[in-house]
Amino acid sequence: MSEHPAYTPSEVEAKWRDRWRDRRTNEVDLDRAPRPYYNLMMFPYPSAEGLHVGNLFAFTGADVFGRFKRMQGWSVFQPIGFDAFGIHSENFAMKIGVHPAELIPRNITNFTRQLTSMGGMFAWEHVLSTTDVTYYKWTQWLFLQLFKQGLAYKKKGSVNWCPTDKTVLANEQVVAGACERCGTIVEQRVLEQWYFRITDYAGRLLANLDDHAKMDWSESTVLAQKNWLGRSEGAEIRFAAGASTIAVFTTRPDTVFGATFLVLAPEHPLVAVLTTGGQRAAVEAYVAQAGAKDLVSRKVGDKEKSGIALGSTAINPATGQAIPIWIADYVLMDYGTGAIMAVPGHDERDFAFATRYQLPIVRVVAPEGESAASPLREAFIEVDRGRLVNSGKYDGLPALEGKRAITRWLETASHGEGKVQFRLYDWCISRQRYWGPPIPIIYCDDCGAVPVPEEQLPVVLPQIDDFRPDDSGISPLARHAEWYFVPCPTCGKQGRRETDVSDTFLDSAWYFLRYPSSEFGDRAFDQARTARWLPIASYIGGNEHAVLHLLYSRFITMVLHDAGMLGFEEPFRTFRAHGLIVKDGAKMSKSKGNVINPDDFISKWGADTFRTYLMFLGPFQEGGDFRDSGISGPRRFLEKVWDLVSLATHPDCRDAEIRHEILVKWHQTKKRVGEELALLHYNTAIAALMELVNLLREQNCCEPTLVGELVQMIAPFAPHFAEECWERLGHTTSIFDSTWPAWDPALILEASITIVIQVNGKTRGTVTVGRDADEAAVRAAAGQLDTVVRQLEGMAVRKVIYVPGRLMNFVVG
RNA sequence: GCGAACGUGGCGGAAUUGGUAUACGCGCAGGACUUAGGAUCCUGUGGGGCAACCCGUCCGGGUUCGAGUCCCGGCGUUCGCACCA
């Protein structure tokens, strides 16, 4: 016994890490691979803290899948990279006083070490970092493609501004109106920003979600995107107001007869025109006050509504009556037309507003049991029950029908038309920051905003030490004259560079296109390579990116497709969302101080044990609470397999005959593990392997072929371990170049089966019969059971339910 | 408020079309081997009862020969979006 080596993870893992590198085990020939399979996982942001357990969980799950696919005969390309630009790096760099250009490479080195030590099957020869000039040159190129197509434009927009940090904040960084970092009340500033016209694509982005030929995605992710896109069907209606026309969007054109006033957003361009003399001062004060509020607290819906009348009126085209025009901050400039027709009878917000300011409330929809005259104690908002009232010739129509009829009338009378409205906004990509790719635009007094010619890319981000933002709202880059002033590409006169950098989400919106082509310096992505490897066969990632990253990537892909540069509209054929690993019920984050560093676990238990443990914790697609209490289980499991391998290599084992019971379990396990892995049901796949191992140990079986296949099935979870076992079993090539074990349908059927015997649905025992026993045989066997006999005594059997192979139920009474 | 997911032993979690609830693992208890063991191996482990049996998958109803699974109504937890007209 003692001649067998003990399992020492650190040695085994170091050995195979080196071997994989030296033998280029994980590399795939991107031009000649016979069965391309692009296995993508979300590239990490290389933080100073290193990978945490949550990252490792996600990467391991994707890696297990890639390794499994490879053993099934696919040429798996599994790249990795670093999403290293962005405000996180910059803030952290400022905090510790190290330049991000210095900090990031350091972090990447650490991440690379961790990703290697976890045993990921990464194609390191295609690694990329978004901060490399060879990468962001093409991010800038991408901007130019959008600009050329008229999909990039500049407009003024409100942003959250923190006067202490002297920076623009994303909406997510504003908590209850204050800066999440320093607590200062956030101001609104209006800045010129670059936007991408993603809203032009809203309809297609929505439609493809249901096109299963293009997209097979986790249901939860599809749903999140649908909600984000927020399609509403309704009508745009125009109201005459003196010489002006106010357009509103409504989902309830059927209620137009009940529109008793209009409300504009305070920022609406017609506010100044429609304000009457007496109201001017008060209106201006209100507009100023609304403007000072941050976007986040303004969008919180549960506070009391406020507003002010402009003093002018508009004509309701349905009733012909003059109705007052108000402004209120519950109407948002960036949704719809920035103006609404208020129907207090049938909209909760309008009802609250009308009640507060004593504006008329008219009922135009009445459900069963109510009449045109019944007073409204609250807004009646149901569309699918109720008929129109107080609506002229439309009275009596069900609301839904009224909607169609009134829309038709609006169109013939030129008062409006049916319209589909999306919730999605255009994508603001400007950041008044330093750590990002400069937007490749040059401003010229004569020529305007001129794109940097493609041959002049990249616009290199200069190495500057004072990258801290200041109060001007202008990027720190503007302070560097030698970079800032450049000749206009069109006329040669002195121009000025755009000083904003682009959003990090732009970096990550195309990285999957770059991986297979990472060695090409003269093109963003190679046509042949891209056609061969994309769209992506499998993308596994977190649902925290369900909307932003995944939507932006789809948009960019669609734009490039329309430009004739890609042969597909949708980049990710399948997407699976993994679960989140939490600690004591809370998401891991450094601010909560509950981040778990996987390094300690890997050095104590080994990467293979830790991987297996993480995959065994619970369903991969659900995640769970991290605890280290059960990690010895997977370790013991690997030790047992190690011992089986030791026994299998012993000459005595060779001729051992495999009992039928074991044979059946073996083939059942192969079937089950293969099926479970394909569905990412890793925890149950591991459980099945454990069951097989337990049986082999019980039965003292160590048949080498069987043990070999067992090791193959463990390989995706414990790759170093499996390689070592495979070698000990006499193989000289990588286990990942072996073929996934096949199962024999004839051998998964047990010789005898257990039938459950019930009386009135209660289980009273079981009988074991031959596989092809008929009903009579089962009934006879059941009649021998004491427990059944007792239950049937003195009772009339009214019915016998027999489910072949499963159960027999005697219904008595 | 809207949308979604979930609720099973002491714990993490399993359960084809509805068909032996608690697979697998942790923990725990007892035993073996040991100078010792926190190593390893064996046995046991939902609750109650001497037993026959009874009760058990968040709660309450229902459908069914049979419900963790399906239906209706609650409660709770988590996540996403939130004044979207």
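Lettering of chains follows the sequences in order, A, B, ..., and the numbering in each one begins at 1.
- Nucleotide rU43(B): paired with rA29(B) (Watson-Crick or G-U wobble, both distances less than 3.5 Å).
- For rG13(B) and rU8(B), the C1' atoms lie 9 Å apart once the distance is rounded to whole Å.
- In this structure, Lys762(A) reaches the rC55(B) phosphate: one of its side-chain N or O atoms is under 4.0 Å from OP1 or OP2.
- To the nearest whole angstrom, the two C1' atoms, one in rG7(B) and one in rU20(B), are 24 Å apart.
- Distances shown here put a side-chain N or O of Thr763(A) below 4.0 Å from the OP1 or OP2 atom of rA21(B).
- Using atom P as the reference point in both rA52(B) and rG37(B), the two lie 38 Å apart (nearest Å).
- Where Arg349(A) and Glu219(A) meet RNA chain B, the nucleotide closest to each residue was compared, and Glu219(A) sits on the side nearer the 5' end.
- Under the 6.0 Å distance and 45° angle rule, Lys305(A) does not count as a cation-pi partner of Phe353(A).
- Both Gln791(A) and Gly230(A) lie near RNA chain B, and the one whose nearest nucleotide falls closer to the 5' end is Gln791(A).
- As the counterpart of rU16(B), no nucleotide is assigned, since no Watson-Crick or G-U wobble pattern has both distances under 3.5 Å.
- When the P atom is used for both rG73(B) and rC54(B), the distance is 33 Å, rounded to whole Å.
- Nearest heavy-atom pair, Thr612(A) versus Ala718(A), reported as atom, atom and distance to 0.1 Å: OG1-CB, 4.0 Å.
- Within 4.0 Å of Leu223(A), counting heavy atoms only, lie sugar-phosphate atoms of the nucleic acid but no base atom.
- Atom name P, nucleotides rU22(B) and rU16(B): the rounded distance is 13 Å, in whole Å.
- Counting any heavy atom pair closer than 4.0 Å across all strands shown, Arg798(A) reaches no nucleic acid atom.
- Separating the OH atom of Tyr335(A) from the C1' atom of rC81(B) is a distance of 13 Å, rounded to the nearest angstrom.
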Would you list the protein and nucleotides 22-26 of chain B atom pairs, both N or O, that sit under 3.5 Å from each other?
unit_1  : atom_1 : unit_2    : atom_2 : d
rA23(B) : O2'    : Glu691(A) : OE2    : 2.8
rG25(B) : OP1    : Asn694(A) : ND2    : 3.1
rC26(B) : OP1    : Arg636(A) : NE     : 2.9
rC26(B) : OP1    : Arg636(A) : NH2    : 2.7
rC26(B) : O2'    : Ser629(A) : O      : 3.1

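- Using the six-membered ring where Trp is involved, Phe626(A) and Phe601(A) have ring planes that are perpendicular, over 60° apart on the 30 and 60° scheme.
- A donor-acceptor contact under 3.5 Å is formed by the side chain of Gln758(A) with the base of rG19(B).
- Residue Arg806(A) has no polar side-chain atom (N or O) positioned under 4.0 Å from OP1 or OP2 of rU17(B).
- Applying the Watson-Crick and G-U wobble criteria (two distances, each under 3.5 Å), rC2(B) pairs with rG80(B).
- Atom CD1 of Ile327(A) is separated from atom C1' of rC83(B) by 16 Å (rounded to the nearest Å).
- When the P atom is compared between rG61(B) and rU69(B), the two are found 14 Å apart, to the nearest whole Å.
- The distance between atom CD of Glu544(A) and atom C1' of rU78(B), rounded to the nearest whole Å, is 15 Å.
- Within 4.0 Å of Arg697(A), counting heavy atoms only, lie sugar-phosphate atoms of the nucleic acid but no base atom.
- Between Leu548(A) and Trp228(A), some side-chain heavy-atom pair lies under the 4.5 Å cut-off.
- The shortest distance between side-chain heavy atoms of Arg697(A) and Lys640(A) falls below 4.5 Å.
- Rounded to a whole Å, the NZ atom of Lys671(A) is 13 Å from the P atom of rU16(B).
- The side chain of Ser232(A) contributes an N or O atom lying less than 4.0 Å from OP1 or OP2 of rA85(B).
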Show me the donor-acceptor pairs, under 3.5 Å and distance only, between side chains in residues 249-257 of chain A and residues at least two apart or in other chains.
unit_1    : atom_1 : unit_2    : atom_2 : d
Thr250(A) : OG1    : Arg252(A) : N      : 2.8
Arg252(A) : NE     : Asp254(A) : OD1    : 3.2
Arg252(A) : NE     : Asp254(A) : OD2    : 3.2
Arg252(A) : NH1    : Ile381(A) : O      : 3.4
Arg252(A) : NH2    : Asp254(A) : OD2    : 3.0
Thr255(A) : OG1    : Arg252(A) : O      : 2.8

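- Between Arg377(A) and Phe351(A), the shortest heavy-atom distance links the atoms O-CZ, 3.2 Å.
- When both pairing distances are held under 3.5 Å, rU35(B) makes no Watson-Crick or G-U pair with any nucleotide shown.
- Interface remark: the Asn227(A) side chain does not form any donor-acceptor pair with the rC81(B) base, using a distance-only criterion of under 3.5 Å.
- At a threshold of 4.0 angstrom between heavy atoms, the contacts of Thr754(A) include nucleobase atoms, whether or not backbone atoms are also involved.
- In this structure, Met333(A) atom CE and rC83(B) atom P are separated by 17 Å, rounded to whole Å.
- rG48(B) has its base anti relative to the sugar, with a glycosidic angle deviating from 0 by more than 90°.
- Nucleotide rG1(B) holds its P atom 19 Å from the CZ atom of Arg423(A), rounded to whole Å.
- Using modelled atom types, one finds no donor on one side chain facing an acceptor on the other under 3.5 Å when comparing Thr60(A) with Tyr682(A).
- With sequence neighbours excluded, the residues forming a side-chain contact (heavy atoms from CB on, under 4.5 Å) with Arg627(A) are Tyr613(A), Asp625(A), Ser629(A), listed by chain and number.
- Leu679(A) has its CG atom 15 Å from the C1' atom of rA14(B), to the nearest Å.
- Rounded to whole angstrom, the span from the NZ atom of Lys419(A) across to the C1' atom of rA85(B) amounts to 12 Å.
- Remark: the separation of the C1' atoms in rA23(B) and rA15(B) is 8 Å, to the nearest Å.
- For the residue pair Gln225(A) / Arg554(A), a side-chain donor-acceptor distance below 3.5 Å is found, with atom types taken as modelled.
- Atom P of rA29(B) sits at a distance of 36 Å from the matching atom of rC79(B), rounded to the whole Å.
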